[in-house]
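Scroll down for the structure; my scribbles are underneath it.
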Amino acid sequence: MQHNLIAHSVSLNPQSAEELWKNISSNDNSLLDGVKELFQTVINLIKSNGYTVDTVRKLNSGCYARRNEDILTLIEPIYNSYCQYLNEHDEIDFNDMINSAAALVRSKKYVNPYKCVIVDEYQDISKSRFLLLKSLRESSDYDLFCVGDDWQSIYRFAGSDIGYIEHFKKYWGATEESKIETTYRFPGQLIEISSSFVMQNPSQKRKDMHCSFPTRGCAIGEINGYTEKLAIEFTVQKLDELPENSTVYFIGRYTFDVKLLEENGSLECRYNNVSKEIDVKYAKRPDLKMSFVTAHRSKGLQADYVFIINNKDSRMGFPSRIQDDPILDLLLENCDRYPYAEERRLFYVALTRAKKKAIIVTVKGHESEFAKELIGRYGEVLKCERFECPLCGGKLVKRSGPYGEFFGCSNYRTTGCRFKRKIYRKEQIT
């Protein structure tokens, strides 16, 4: 190819390695973030399984074999360099620690002294951790008590394999299962919508979730703009309406999603060394306590209102298409075949961080697959939410005043609610 180009007097000016790196790692290029996440997942799974790159190559077959081999070729020098660094510095990582512990038990250098073992967050168990538990039980039997939620299995990139909770009896024998189906954290309507959403995957365990307290109004909404910039602008306008002293989470799929907020002139984003979150400040509403977190980082957290951003139809949107890479099928024994299975669980986690209301932020004509699904199934709920008073749950009705038309709360005469909303141009409320 190069010879032919030169023969036709084409001038070749190849970029240096430094120039190439600068281009792919620029702030405007998110592709590198997705590649890093995929490589991190593959390396973690290789180590968790106790494999080498050559082991994975021997497993590689099927229609994606060539593609998988290309990825392994790129990963191999990184993997080898990492392992070499650990050896040279006489260090081990977490996977090494678990695998070494299991090897000590199997060699009878350690005998299990425990009669009962309790495992929390069992949905996140990896092959290496399962083998450690198994070797301990073979060393000396014990009663096993596990607590976990397969709906929140979201750490595949760290080596977790959902099959160990989905097929619990297969791995541990006779089992008694108890379900916790009452939540004390979020509204009944959000329970119904989020539960139905995550159970679209038939592999997820069936649960009949319900709320412990009465709920009021719509628990889910949508903000839609013709561009991402406009959608965030409308989100800021929504902040003006929130009740005093509300807590807010902006949840993105990736860390770089915070740029969507930073590019809005009204919001200030700053990393908090104590909370390990990105604090978000809005000068017009200093009473609001707001932070940006990724969906993974949000697990276990709560806020009154949650805005899920980056719901666009792209490789690095939500769902992320890069996370369903075929190479992962070689490394997960119990690979979930349902499309975007883990991304669906991750979106469920994001939705259920809201104590009062979850709002998805979308771009017209570029809505993600998950956003389209929710809009298609719950369009009427989303539409009603737009005309619901955020303070008391009353209906917003159009009124006229000395300064023109506005939306006012229908409970003004009965409860005295004085909420008002400015009527923006058409594209802001459709």
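Heads up: numbering here begins at 1 and tracks the sequence.
- At distances below 3.5 Å, at least one donor-acceptor pair connects side-chain atoms of His89 with backbone N or O atoms of Tyr85.
- Between the side chain of Glu222 and the main chain of Ile375, no donor-acceptor pair closer than 3.5 Å is present.
- A donor and an acceptor atom, one from each side chain of Thr362 and Asn311, are nowhere located under 3.5 Å apart.
- In terms of modelled atom types and a separation under 3.5 Å, the side chain of Arg206 and the main chain of Met199 share a donor-acceptor contact.
- Donor-acceptor pairing under 3.5 Å is recorded for the side chains of Glu277 and Tyr249.
- Tyr64 and Asp329 form no side-chain donor-acceptor contact under 3.5 Å, judged by distance and modelled atom types alone.
- Residues Lys276 and Arg297 have side chains in contact (heavy-atom distance under 4.5 Å, counting atoms from C-beta outward).
- A side-chain donor-acceptor contact under 3.5 Å links Arg345 and Gln204.
- Relative ring orientation between Trp172 and Phe168 is described as tilted, the plane-to-plane angle lying within the 30° to 60° band.
- With hydrogens and angles ignored, the 3.5 Å screen pairs no side-chain donor or acceptor of Ser128 with any backbone N or O of Asn99.
- Side-chain atoms of Arg344 come within 3.5 Å of backbone N or O of Phe197 as a donor-acceptor pair.
- Because its NZ or CZ atom is not both nearer than 6.0 Å to the ring centre of Tyr305 and within 45° of the ring axis, Lys357 does not count as a cation-pi partner of that residue.
- Of the N and O atoms on the side chains of Asn201 and Tyr340, not one donor lies less than 3.5 Å from an acceptor on the other residue.
- Here the side chains of Ile251 and Val293 are in contact, with some heavy-atom distance below 4.5 Å.
- A donor-acceptor pair shorter than 3.5 Å cannot be found between the side chains of Asn60 and Lys58.
- Side-chain contact between Val53 and Val56: absent, with no pair of heavy atoms (C-beta onward) separated by less than 4.5 Å.
- Within the 4.5 Å cutoff, no side-chain heavy atoms of Met290 are placed close to those of Arg285.
- No salt bridge links Lys205 with Glu166; every basic N to acidic carboxylate O contact stays at or beyond 4.0 Å.
- Ser196 and Glu192 share no donor-acceptor pair across their side chains, judged by distance under 3.5 Å alone.
- Lys299 and Asp149 are not joined by a salt bridge, as no carboxylate oxygen comes within less than 4.0 angstrom of a charged side-chain nitrogen.
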